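Below is one structure, written out as structure tokens; the observations come after it.
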Amino acid sequence: MERPTFYLTTPIYYVNSVPHLGTAYTTVAADALARYRRMTGYDVHFLTGLDEHGQKVAQAAEANGMSPQDWVDTIAPKFLEAWKMLDITNDDFIRTTEPRHEAGAQAFLQVLKDRGDLYQGHYEGWYCLPDETFYLEDQLAEGKTCPLCGRDVQFVTEDNWFFRLSAYQDRLLEHYEKHPDFIQPDTRRNEVLSFVSGGLKDLSVSRTTFTWGIPLPFDPEHVMYVWFDALINYITAVGYGADGTPTFSGPLAHYWPAQYHFVGKDIIRFHCTIWPAMLMAAGVPLPEKVFAHGFLLTKGEKMSKSTGNAVSPALLVERFGVDAYRYYFMRDLQFGVDGSISIEAMVARYNADLANDWGNLVSRLFNMTEKYCDGVVPAVPVAAAEDEDIMRIAAHLPDAYEKRMVALDYSGALEDAWELIKRTNRYIEDSAPWNLAKSDETRPRLEAVLYTALEAVRIAALFVAPVMPNTSREVWKRLGLGDVHEVTDVAATAAWGGLPAGSRVEKGEPLFPRIYEDAE
Ligand code: MSP
């Protein structure tokens, strides 16, 4: 039987600067879902990439004394390195300067032109460069600033090509109504609904005052507006227009429509109004869902390069390790709303959940297995009443976890896995294997307790794996098992009793040594 497909995307990031915690946040969340969906048997296609055109990137290049192409070629490897460091398992990486994208984007624009959705006009209005967004006078915030980021805007007057966005208002509203899940979470859905109900203006989709962009195929003096160019990446990456014609076949037909676009809340309108209208205009099906997460705040402010409070992911990975990094962002914040981050909170999470709960459970249990059973997994026991609680939590975990992941509640999913981890720690305390080891009479019970706890650890590691891939792989290895990332039926693999008796357990180094230093 053919496996169901799961196509998941992150935004493509501007290359005006290097990756920071905000861009890493979306990417890690998408990676955790991609990993989990592979473990549940899906044919996953996980896309991320770079948004390399536009005035902002051109200016960054100029400020660094480089040509735009040299500049983007210098920055692109930094994103690739960051994603490698964070163990991101994207299946593809698209750059909008690649021929496959440029050809596809041009083919797309030609279709819109041929269908009568593009026309020539004159644009006079305001432009926010950091957000690459057009605004009309009445849309500006106080003091003629950008309503989104509050920064200064510049006046633009140009002869441009326009897209008939206004013609799609009713069809968009109808789509939102028919597909209540299309925009998530609800707060964002309401925001978009009221924005679109208020009326849509046609959109300027070309620029003539600079050249760093994709030329319009039918008017090469114009380059494509960077947002138009960027949004099309989601289909050019899977082959739209690669041969210059908009055929719907190959990987495009296989993976599209995408199940999810993950975006930050600041770019929800582009993804839920302009993008679906573009697809409607081109006769391409719409993505299933767009999910907007919140901002990471440091000391109450949005963390970004331009406000000067951006921290590099590498710095934190060096200090906490990659798994702990991923864990912190997925556990401590609620995906979908803004959340504050701090080193203090990170140290606290690390010590409580990772060093104390999870790391400690694995260390003490594997040590006891070594000490009392020569490192060999005992026989599968007949369950006693005292073991039933753990078995019940373990049996419930696949379903509970799946529900949380469907809702993109990463924090809740980890909380569910932690219920098993914490309960197993308590079970060891209550059963006191060190006392059971004192006499031959209690030996069967000692073995039963160790098996039960080891089996709980095997199952917990399975569900922790999408977020903490390295330590879960290590725990499975120490249990004498294969690569946890090759699992394709997580529920069946989690069935009780999967740990084979007689398997050799390795003790190994502590997974998460306690961090003693105070927060800075
Ligand atoms: N290039 C566009 C996206 C085009 S997608 C077709 C873009 N790039 S970006 O690099 O500026 O931002 C990419 C994403 O990072 C956005 O979703 C944005 O919300 C996210 N973040 C940037 N700073 C952030 C935080 N401080 N916190 C969380 N995410 C934020 O927009």
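Just so it is clear, the values below take in all heavy atoms, side chains as well, and ignore hydrogens, waters and symmetry mates. We number each residue from 1, following the sequence as shown. Computed from a predicted structure; not experimentally measured.
Pairing each heavy atom of P313 with each of A24, the nearest pair is CG-CB, 4.0 Å. Nearest heavy atoms, P246 versus Y240: CB-OH, 3.2 Å. Of all the heavy atoms in A417 and L397, the pair that sits closest is N-CD1, 3.8 Å. Residues Y451 and G498 come closest through the heavy atom pair OH-N, 4.3 Å.
Ion pair D91/R38 flagged as a salt bridge, since at least one NZ, NE, NH1 or NH2 atom sits closer than 4.0 Å to an Asp/Glu carboxylate oxygen. At a threshold of 4.0 Å, the pair E370-K507 does not count as salt-bridged, since none of the basic side-chain nitrogens sits closer than that to a carboxylate oxygen. For K265 and D338, the salt-bridge test passes: some basic side-chain N is under 4.0 Å from an acidic carboxylate O. Contact check on E474 versus R478 returns a salt bridge, with a Lys/Arg side-chain nitrogen under 4.0 Å from an Asp/Glu carboxylate oxygen. The pair E455-R458 meets the salt-bridge criterion, since a charged nitrogen lies less than 4.0 angstrom from a carboxylate oxygen. A salt bridge does not link D323 with R473: none of the charged nitrogens is closer than 4.0 Å to a carboxylate oxygen. Look at E191 and R269 and you find a salt bridge, because one of the NZ, NE, NH1 or NH2 atoms lies within 4.0 Å of a carboxylate O, short of that distance. Ionic pairing of E415 and K422 is not present here: no N-O contact between side-chain nitrogen and carboxylate oxygen is shorter than 4.0 angstrom.
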Assess whether salt bridge (Lys or Arg N to Asp or Glu O under 4.0 Å) is satisfied between R37 and E402, documenting all intermediate values.
CA-CA 10 Å; R37 280 292 159 238; E402 168 71 19; 3.1 Å; yes

Evaluate the criterion side chain to side chain donor-acceptor pair (under 3.5 Å) for residue pair D229 and H101; output intermediate values, then yes/no.
CA-CA 9 Å; D229 165 351; H101 174 74; 2.7 Å; yes

Worked verdict on T27 versus Y13 for side chain to side chain donor-acceptor pair (under 3.5 Å)
CA-CA 10 Å; T27 315; Y13 304 112; 2.8 Å; yes

Give the C-alpha distance, both sets of side-chain angles, the deciding distance and a yes or no for salt bridge (Lys or Arg N to Asp or Glu O under 4.0 Å) between D389 and R426.
CA-CA 11 Å; D389 204 22; R426 226 175 332 123; 5.5 Å; no

T26 and H293: side chain to side chain donor-acceptor pair (under 3.5 Å), yes or no, with the steps?
CA-CA 8 Å; T26 328; H293 63 73; 3.0 Å; yes

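At a cut-off of 3.5 Å, with distance as the only test, no side-chain donor of T488 or Y42 sits close to an acceptor on the other residue. H271 and Y234 are linked by a side-chain donor-acceptor pair at a separation below 3.5 angstrom, with hydrogens and angles left out of the test. Side-chain atoms of N356 and R514 form a donor-acceptor pair, as typed in the model, at a separation below 3.5 Å. Under 3.5 Å, the side chains of T97 and E52 contain a donor-acceptor pair of N or O atoms. Side-chain contact annotation: D387 with Y427, donor-acceptor N/O pair under 3.5 Å present.
Taking the six-membered ring where the residue is Trp, F270 and W227 present parallel rings, their angle staying beneath 30° rather than reaching 60°.
Ring-centre distance between W418 and Y327: below the 6.0 Å cut-off. When ring centroids are compared, F320 and Y328 stay outside the 6.0 Å threshold. Ring to ring, F329 and Y410 are not that close: their centroids are 6.0 angstrom or more apart. Under the 6.0 Å cut-off for aromatic ring centres, F6 and Y255 do not qualify, their centroids lying 6.0 Å or more apart. Annotation: H261 is not in aromatic contact with F291 [ring centroid separation under 6.0 Å not met]. Checked against the 6.0 Å centroid criterion, the rings of F262 and F335 qualify as a close aromatic pair.
Taken to the nearest 0.5 Å, the SG atom of C149 stands 9.5 Å off from the CG atom of D266. In this structure, CD1 on I268 lies 9.5 Å from OG1 on T273, to the nearest 0.5 angstrom. Rounding to the nearest 0.5 Å places CG of N425 at 5.5 Å from CZ of R364. Atoms CG and CZ, on L361 and R423 in that order, are 12.5 Å from each other to the nearest 0.5 Å. For the atom pair CD of E177 and CG of L193, the computed distance is 8.5 Å after rounding to the nearest 0.5 Å. Here D31 contributes atom CG and M330 contributes atom CE; the two are 9.5 Å apart, rounded to the nearest 0.5 Å.
A 4.5 Å side-chain heavy-atom check between L286 and W275 finds every atom pair outside the cut-off. Contact annotation: the side chain of W434 approaches that of I428 to within less than 4.5 Å [non-hydrogen atoms, C-beta and beyond].
Remark: D440 CG is loosely packed, at most 12 non-hydrogen atoms of other residues, nucleotides or ligands lying under 6.0 Å away. Annotation for E386: atom CD counts as buried by contact number, over 12 foreign heavy atoms lying within 6.0 Å. Atom CD of E429 is surrounded by more than 12 heavy atoms from other residues, nucleotides or ligands within 6.0 Å. Heavy-atom neighbours of H254 NE2 from other residues, nucleotides or ligands within 6.0 Å: above the threshold of 12.
Judged by the 6.0 Å distance and 45° axis criteria, K289 is positioned over the aromatic ring of Y260.
In summary, of the residues considered (L481, I459, V457), a side-chain contact (heavy atoms from CB on, under 4.5 Å) with L499 occurs for L481 alone.
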